[in-house]
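Accompanying notes for the structure given below.
In this text, all values refer to a predicted model and were calculated from it rather than measured experimentally.
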Amino acid sequence: MGVDSGLPDFRGVEGFWQAYPKAKELGLRFEQMANPEWFESDPQLAWAFYGHRLHLYRDTVPHEGFTKLLNLSNTKKYGSFIFTSNVDGQFQKAGFKDAHIMECHGSIHHLQCIENCKGKIWLADNTNIEIEEGFKAKEPLPTCRYCGAMARPNILMFGDYGWEYHRTDSQRERLTAWMDSIEQEGAKLAIVELGAGTAVPTVRHTSEQIASRFDVPLIRINPRESMGAELGLAMGALEALDLIL
């Protein structure tokens, strides 16, 4: 979904390396770079990677497809609910209500302690990362507001046992309550899945489970992996949304 707004595509090592040449120089794949261990072993590299993404996502304008989805949902009695593995906050920026969004992998716009000392998170609004030559974040780096240890984004990373998930759990509870109300009213869902791949299949599995629960077709939009749904469109998100909305 974000690629059509100009955000980098991290699927495939070449796409990731094109966006982050330093990772290529170090021989690191996305799943190796997106690991909380770097905040302890090389925090300047870790914050260069996540700091760059933080500023990129702040500066990016959501493409027209977001607006078309929002306008469609605003015409429906029960509105819509977004389930996303994206951590970029683009749905909120496009105008979708935060109370109707579940970010299953967290959000780069929230921070937490690397030690998760208090089980708390806070907004990254005042976090600004300056990146120096050699792809190193300039000191001072973000620290925990409670204990002073290193801070990190509130994102579920690979090999991550310290992610604070209470915000995402609250979002999950709201999604469950919304689906329960839809079911009780006997209403039908239209499920549109955009760009969810098989490498980390959380979104695909979730959309399939919800489609099965409500006995409705799944619309799967994916330029490379559109198979496995009742209606698969092998195209990008914006192109497909332009055609069907």
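Atom-to-atom distance recorded for Ser80:OG and Leu189:CG is 10.5 Å, nearest 0.5 angstrom. In this structure, Arg172 CZ and Tyr165 OH are separated by 10.5 Å, a value rounded to the nearest 0.5 Å. Atom CD of Gln171 is separated from atom CZ of Phe81 by 7.5 Å, given to the nearest 0.5 angstrom. The distance from the CG atom of Asn71 to the OG1 atom of Thr67 is 6.5 Å, given to the nearest 0.5 Å. Distance CD1/Ile191 to CZ/Phe214: 7.5 Å, rounded to 0.5 Å. Going from atom CZ of Arg29 over to atom CD of Glu14 covers 9.5 Å, rounded to the nearest 0.5 Å.
Between Phe39 and Trp47, the angle of the ring planes goes over 60°, which puts this pair in the perpendicular group of the 30/60° scheme.
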Let me have the donor-acceptor pairs involving side chains of residues 117-145, under 3.5 Å, with sequence neighbours excluded, atom names and distances please.
unit_1	atom_1	unit_2	atom_2	d
Asn128	OD1	Arg58	NH1	3.3
Lys136	NZ	Asp42	OD1	3.0
Lys136	NZ	Asp42	OD2	2.8

Show me the donor-acceptor pairs within less than 3.5 Å that the side chains of residues 147-156 make with the rest of the protein, sequence neighbours left out.
unit_1	atom_1	unit_2	atom_2	d
Arg152	NH1	Asp160	OD1	3.0
Arg152	NH1	Asp160	OD2	3.3
Arg152	NH2	Ile155	O	2.6
Arg152	NH2	Asp160	OD2	2.7
Asn154	ND2	Gln112	OE1	2.9
Asn154	ND2	Glu164	O	2.8

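Closest approach of Ala34 and Met157 over heavy atoms only: O-CB, 3.2 Å.
Panel note: side chain Glu185, backbone Ile182; no donor-acceptor pair is recorded below 3.5 Å. Between the side chain of Glu225 and the backbone N or O of Thr198, at least one donor-acceptor pair lies under 3.5 Å. Between the side chain of Ser5 and the main chain of His63, a donor-acceptor pair closer than 3.5 Å is present. Asn86 places no side-chain N or O within 3.5 Å of a backbone atom of Asp88 that could act as its donor or acceptor partner. Side-chain atoms of Trp17 do not come within 3.5 Å of backbone N or O of Lys22 as any donor-acceptor pair. When atom types are taken as modelled, the side chain of Ser41 and the backbone of Glu37 share a donor-acceptor pair closer than 3.5 angstrom.
Residues Tyr57 and Val3 do not share a hydrophobic cluster, clusters being chains of Ile/Leu/Val/Met/Phe/Trp/Tyr side chains in contact below 4.5 Å. In terms of hydrophobic clustering, with Ile, Leu, Val, Met, Phe, Trp and Tyr side chains grouped at heavy-atom distances under 4.5 Å, Phe16 and Val200 are assigned to a common cluster.
Defined by atom type and a distance below 3.5 Å, a donor-acceptor pair is present between the side-chain atoms of Tyr20 and His52. Side-chain atoms of Thr84 and Glu103 include no donor-acceptor pair closer than 3.5 Å.
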When you look at Arg220 and Glu230, which way does the salt bridge (charged side-chain N to carboxylate O under 4.0 Å, His left out) test go after all the steps?
CA-CA 8 Å; Arg220 173 165 287 156; Glu230 288 83 354; over 6 Å; no

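Atom CD of Glu183 sits in a crowded spot, with more than 12 heavy atoms from other residues, nucleotides or ligands closer than 6.0 Å.
Through side-chain heavy atoms spaced under 4.5 Å, either directly or across other Ile, Leu, Val, Met, Phe, Trp or Tyr residues, Leu241 is tied to Met1, Phe66, Leu69, Leu70, Leu72, Ile82, Phe91, Phe96, Ile101, Val192, Leu194, Ile219, Ile221, Leu231, Leu233, Met235, Leu243, Ile244, Leu245.
At least one side-chain heavy atom of Trp38 sits under 4.5 Å from a side-chain heavy atom of Met33. Between Val87 and Arg53, some side-chain heavy-atom pair lies under the 4.5 Å cut-off. For the pair Thr202/Ser85, no side-chain contact is recorded, criterion being any heavy-atom separation below 4.5 Å from C-beta on.
Between Trp178 and Tyr78, the distance separating the two ring centers is not shorter than 6.0 angstrom.
Under 4.0 Å is where a charged nitrogen must lie from a carboxylate oxygen, and between Asp242 and Lys68 at least one such pair does. Arg213 has a carboxylate O that lies under 4.0 Å from a charged side-chain N of Asp180, or vice versa, which qualifies the two as a salt bridge.
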